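All figures in this text were calculated on a predicted structure; none of them were measured in a lab.
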Amino acid sequence: MKKREIVKLFKSNIEAHVPQSIPQVDWSMLASNQQNILEIEETRRPAKIIFSFKAVLATVFVMAMVIFGIGLFNNQPIPVVQNPYTNATYKDTLSVSAVSTATLMSNYATTTISTNQALSFITPLASTETITTIEPYLGMIETVTGQNAGITTTTMESDNALYESKVLLSTFDLLGNRINYTLYFNTISFSESENESTFEIEGIFLYKSYQFDFVGRKEIEDDEEIITFKTQSGASNYVESIYKVEDNESKYSIVIVENDQIISQSKIKIVDENEERKIDFEYIDGLNYGIYQFKYEVENGINLLKIEYETRINGIEESGSMKVEIKIDPLTTVTSYQIFVKPDDEEEYEYESDRHVDDEDEDDDEEDPEDPEDPEDEEDPEDTEDEEDPEDEEDK
């Protein structure tokens, strides 16, 4: 093939691939294709979101199963603060036990007597043993009756970092004054199964200016529920209340211990009926015993404790009635118990006993009047000066 023919062939091939006119762009088609691409991407995005949500949910589920498995393996449930005072079944029992032991404990803390004096404090003279047997318990009876209103229990949020629970107990004395008891405690143990429960609480007791340690327990012994509450000031001085059912009756056994020696033992039973609270008190000391029934009444506008009693002390049996009211000294405002005793076979007589229920209130009352007296004291010199002025003028 000649050179000329080869060139002609190349030229014809090149011209065959060169367009005879300028190509035109179809912009509408291009826009349609772009829209289709965007729609495809939009439909893919929710799938990605759903996939990520499922991944997070699966992760949370796996973590929860791991935590549950660890707890099940260790057999240690997540701890929950248990407060026995929130249980209506034994809330009142705990409240009565607490108020009783704290009032008695403060009574002996105020008295500050030796062991021999304490024994004589309980039973000093044969002629008045009917009264002195119950004398240390009058403050307790006064607060437990609470003017027939009983004891109010309020569970509060603890404001003490050392204790997880706080309970405020409130009642009234014979004068109508409100008396508060504050408990801070931790629940040491708590278990519950079917209709039975046991617990142990431990903490501090604030009553007036006193602070006592206390331990409360609910136990099952021989299919019998027993609730104990011990308020103590040191290891060798304490008051313990033991609540259990005896002879189909619920009773509190109260033991007072001073210097590791039992100085008094008694039992009380509380009966609430017809909006009236009665307290049966039983005292046993060897062959001596006494049975007393207390109830709150208002007579001629005066709040009273009325008592029916039967005793056998030193071989002498006695029965009768008493009335206990509060006497206020007009000068010092110090209060005491005025007891009117009327034996069935003897003449009526009176007996006065110290009262420790409102010692702190009395101190406050004694301090308060001093403040308004200061201006009076300031006025007195002015008055005397005014009176002296005429005298001075006369002298002149």
Side-chain angles (χ1 to χ4, degrees), residues 71 75-106 140 143-172 178-208 210-221 223-232 238-245 249-254 268-273 275 277 279:
N75 195 25
Q76 294 180 352
I78 297 174
V80 178
V81 175
Q82 298 285 353
N83 185 346
Y85 273 93
T86 60
N87 190 313
T89 304
Y90 38 80
K91 177 182 69 176
D92 292 340
T93 302
L94 283 172
S95 299
V96 170
S97 300
V99 169
S100 301
T101 56
T103 305
L104 287 170
M105 192 71 245
S106 66
M140 179 198 75
T143 53
V144 171
T145 54
Q147 295 192 347
N148 287 336
I151 302 170
T152 302
T153 304
T154 305
T155 301
M156 310 174 71
E157 183 178 353
S158 177
D159 52 1
N160 189 322
L162 299 178
Y163 301 98
E164 60 196 15
S165 299
K166 177 182 179 181
V167 170
L168 178 67
L169 306 179
S170 182
T171 184
F172 294 93
R178 182 181 291 275
I179 302 177
N180 293 323
Y181 306 76
T182 304
L183 290 80
Y184 291 96
F185 60 89
N186 296 320
T187 302
I188 306 303
S189 64
F190 188 95
S191 64
E192 195 168 19
S193 60
E194 296 181 356
N195 296 327
E196 292 184 351
S197 62
T198 60
F199 61 80
E200 180 177 357
I201 58 177
E202 191 174 281
I204 59 174
F205 209 139
L206 305 181
Y207 170 51
K208 298 190 294 186
Y210 303 107
Q211 176 176 316
F212 303 119
D213 298 326
F214 79 87
V215 177
R217 293 187 182 91
K218 181 173 182 288
E219 303 169 306
I220 307 295
E221 293 183 4
D223 296 329
E224 183 180 39
E225 291 187 343
I226 299 176
I227 296 178
T228 61
F229 198 100
K230 179 190 288 186
T231 299
Q232 57 191 53
Y238 61 87
V239 180
E240 185 174 35
S241 169
I242 304 171
Y243 174 87
K244 61 181 177 180
V245 178
E249 292 183 336
S250 300
K251 293 184 179 181
Y252 299 82
S253 298
I254 298 177
I268 65 171
K269 181 180 72 171
I270 300 175
V271 180
D272 293 313
E273 56 182 17
E275 297 183 353
R277 169 164 285 194
I279 298 180

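- Distance check, rounded to the nearest 0.5 Å: NZ of K208 to CD1 of I179 gives 7.5 Å.
- Between the E202 side chain and the I188 main chain, no donor and acceptor come within less than 3.5 Å of each other.
- Considering OG of S191 and NZ of K218, their distance stands at 9.0 Å, rounded to 0.5 Å.
- The two residues S95 and Y85 make their nearest non-hydrogen contact at OG-CE2, 3.6 Å.
- In this structure, G146 and T171 approach most closely via the heavy-atom pair CA-OG1, 3.3 Å.
- Listed here is the closest heavy atom pair of E225 and I220: CG-CD1, 3.5 Å.
- Checked options F212, Y210, F214; the residue passing with M105 is F212 (criterion: side-chain contact (heavy atoms from CB on, under 4.5 Å)).
- Taking every heavy atom of both residues into account, E200 and V215 meet most closely at OE2-CG1, 4.1 Å.
- F229 and F205 have perpendicular rings, their planes meeting at more than 60° on a 0 to 90° scale where under 30° would count as parallel.
- Residues S158 and Y184 bring no donor and acceptor atom of their side chains to less than 3.5 Å of each other.
- A heavy-atom distance below 4.5 Å is found between the side chains of P84 and T187.
- Looking at residues two or more places apart in sequence or on another chain, you find no salt bridge (Lys or Arg N to Asp or Glu O under 4.0 Å) involving E240.
- Shortest non-hydrogen contact noted between I204 and Q211 is CG2-NE2, 3.9 Å.
- To the nearest 0.5 Å, atoms CD (Q147) and CZ (R178) are separated by 10.5 Å.
- Ring centers of Y243 and Y252: under 6.0 Å apart, within the cut-off.
- Separating the OG1 atom in T198 from the CD1 atom in I226 is a distance of 12.5 Å, to the nearest 0.5 Å.
- Annotation: the span from I254 atom CD1 to I268 atom CD1 amounts to 4.0 Å, rounded to 0.5 Å.
- Annotation: salt bridge (Lys or Arg N to Asp or Glu O under 4.0 Å) contacts involving residues 145-160, sequence neighbours excluded, comprise D159-K166.
- Atom CG of N160 sits about 12.0 Å away from atom CG of L183, to the nearest 0.5 Å.
- Between the side chain of S97 and the main chain of S241, no donor-acceptor pair closer than 3.5 Å is present.
- No side-chain heavy atom of D92 sits less than 4.5 Å from a side-chain heavy atom of I151.
- Distance alone, capped at 3.5 Å, is enough to place a donor-acceptor pair between the N186 side chain and the L162 backbone.
- What you find for T103 and Y207 is that their closest heavy atoms are CA-CE2, 4.1 Å.
- For V144, the side-chain contact (heavy atoms from CB on, under 4.5 Å) partners two or more places apart in sequence, or in a different chain, are V96, V99, S100, M140, I270, R277, I279.
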